[in-house]
Student: 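I am attaching a structure below and will ask some questions about it afterwards.
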Amino acid sequence: MKTEILKIRSIVSDIDKIRRAGELLRGGEVIAIPTETVYGLAANALDEEAVARIFEIKGRPQDNPLIVHISEEYDLEKLCEDIPESAYKLAHAFWPGPLTMVLKKKDVVPGIVTAGLDTVGVRCPRGRFARAIIRSAGVPLAAPSANISGRPSPTDAKHVIEDLDGRVKAIVDGGRCSVGVESTVIDMTRETPVVLRPGGITLTQLKRVLGKVDTSFEAVGEVRSPGMKYRHYAPKAPVKVLIGGLSDAAEFIKKQSVNRKVAVICFEEEAESFKETGAPVIPYGRESEPAELARGLFDALRRADESGAEEIYAREPGIGEGIELAVINRLEKAAGYNRIILDMNQ
Ligand code: TXA
Ligand code: MG
């Protein structure tokens with residue numbers, strides 16, 4: 001299949017391309033679209049055949065449900081029922097934006113979208129191209145991240161091209177994603193809302209609106225969201241997270257790079273020290289600016305592969321209640337929870 005690349009830089013001057021994307025989606029095609037978080041692999045959520053092709057193209061396990069994207073808050077009621085007051089509060093506070101709410105689904109949402117669950121994840125993205133495309137399509141869009149299953153999520157059209165060129169009808173190139181990690185997923189069907197995946201909306205922000213939230217997503221081994229049990233976000237070379245001080249970490253990298261090719265994904269602040277080890281150094285943002293780390297992480301994981309590294313070592317930021325939680329979560333999963341503790345006294 002020849003993949004059309006629709007490059008969009010302005011809604012006004014590229015309106016014909018937005019219309020083209022809308023027309024393809026309405027016609028049952030699967031196309032990649034930019035959102036503020038990551039690129040999505042989109043199809044009409046109400047068209048079972050089109051949704052089935054999303055799973056095929058990504059190689060995604062059938063038991064992992066998809067998020068449905070809407071352009072207007074009020075469309076939530078077309079897809080969901082028994083919507084609690086707290087969900088309206090969240091929508092009011094954070095939509096359009098990087099928040100997905102899991103709610104009881106209505107019958108119009110096909111079972112293939114939700115992997116047979118009676119709930120559906122719904123999100124109203126903030127990305128202006130995404131919203132324009134949903135509006136133009138005139139239907140809600142089911143869209144997982146537009147990567148081959150298991151690979152790092154795409155935060156630039158070139159990542160989507162790497163994974164999906166020739167496999168999809170079109171890729172809408174809207175430039176780099178501004179958030180860079182996926183939406184926060186929160187289950188609103190429980191008495192106390194449960195965060196299933198940390199993401200673009202932080203715990204601090206959620207607590208401000210909800211008061212109490214259950215954040216047991218950190219619990220290892222518990223599978224509440226089907227997506228939690230699969231290998232994720234991983235480059236081809238194995239990733240290990242390096243825990244410890246900078247000088248110990250640099251010393252460790254120097255030793256490792258004697259016998260094989262290793263790459264380091266680190267903070268800007270640490271780049272100079274790691275460069276002295278001779279290994280390829282890929283800074284992904286400043287540790288003092290977690291939003292930069294979020295924007296840069298997935299690209300850094302892909303670039304580490306391009307460097308030809310056989311092993312990738314990564315530095316992760318200190319834990320808090322901000323977007324660094326999403327960064328840590330993605331890195332730990334990319335590493336399959338593989339960590340190297342450098343200082344045994346820590
Ligand atoms: O930012 C995002 O959310 C991006 C963009 C494209 O919008 N999409 C995305 O989709 O990350 P995906 O499919 O890669 O991740 C969706 C996550 C999975 O972990 C899935 O298991 C969970 O949301 N999920 C979806 N529906 C659910 C449901 N009904 N109950 C529990 N978890 C659900
Ligand atoms: Mg994904």
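Each ligand, and each atom within it, is numbered from 1 in the order the structure gives. The first residue of the sequence shown is numbered 1, and numbering continues consecutively from there.
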Student: Output yes when K158 and D173 qualify as a salt bridge under the 4.0 Å nitrogen-oxygen rule, no when they do not.
Tutor: no
Student: Check this for me, if you would: do E77 and K106 make a salt bridge, where the nitrogen-to-carboxylate-oxygen distance has to be below 4.0 angstrom?
Tutor: no
Student: I need the contact type for L196 against ligand 1. Using non-hydrogen atoms and a strict under-4.0 Å cut-off, is it side chain, backbone, both or neither?
Tutor: side chain
Student: Assess whether a salt bridge exists between D156 and R302, defined as any Lys/Arg side-chain N lying under 4.0 Å from an Asp/Glu carboxylate O.
Tutor: no
Student: Out of A32, A42, G121, P65, indicate the one that has the non-hydrogen atom closest to atom 25 (C) of ligand 1.
Tutor: P65
Student: For ligand 1, which part of A143 has a heavy atom less than 4.0 Å away: the side chain, the backbone, both, or neither?
Tutor: backbone
Student: Decide whether an N or O pair under 3.5 Å exists between K58 and ligand 1.
Tutor: no
Student: Give, for atom CZ of F55 and atom CG of L41, the distance between the pair rounded to the nearest 0.5 Å.
Tutor: 10.5 Å
Student: Does any N or O atom in E182 lie less than 3.5 angstrom from one in ligand 1, N or O only?
Tutor: no
Student: Of all the atoms in ligand 1, which lie at a distance below 4.0 Å from a heavy atom belonging to H69?
Tutor: 5 (C), 6 (C), 7 (O)
Student: Answer yes or no for T114: is there a heavy-atom contact with ligand 1 below 4.0 Å?
Tutor: no
Student: Between N64 and ligand 1, which residue portion shows a heavy-atom distance shorter than 4.0 Å: side chain, backbone, both, or neither?
Tutor: side chain
Student: Got an N, O or S from S145 under 2.8 Å of the Mg ion (ligand 2)?
Tutor: yes
Student: Could you grab the distance from atom CG of N44 to atom CD of E29, nearest 0.5 Å is fine?
Tutor: 12.0 Å
Student: Between S145 and ligand 1, does any nitrogen or oxygen pair lie at a separation below 3.5 Å?
Tutor: yes
Student: Should the proximity of R60 to ligand 1, defined as any heavy atom under 4.0 Å, be assigned to the side chain, the backbone, both, or neither?
Tutor: side chain
Student: Charged N to carboxylate O below 4.0 Å: is that the case for D75 and R135?
Tutor: no
Student: Salt-bridged, E272 to K275, with N to O below 4.0 Å?
Tutor: yes
Student: Have a look at ligand 1 and work out which part of T119, if any, has a heavy atom under 4.0 Å from it: side chain, backbone, both or neither.
Tutor: both
Student: May I ask you to decide whether R123 forms a salt bridge with E182, counting only side-chain N to carboxylate O separations under 4.0 Å?
Tutor: no
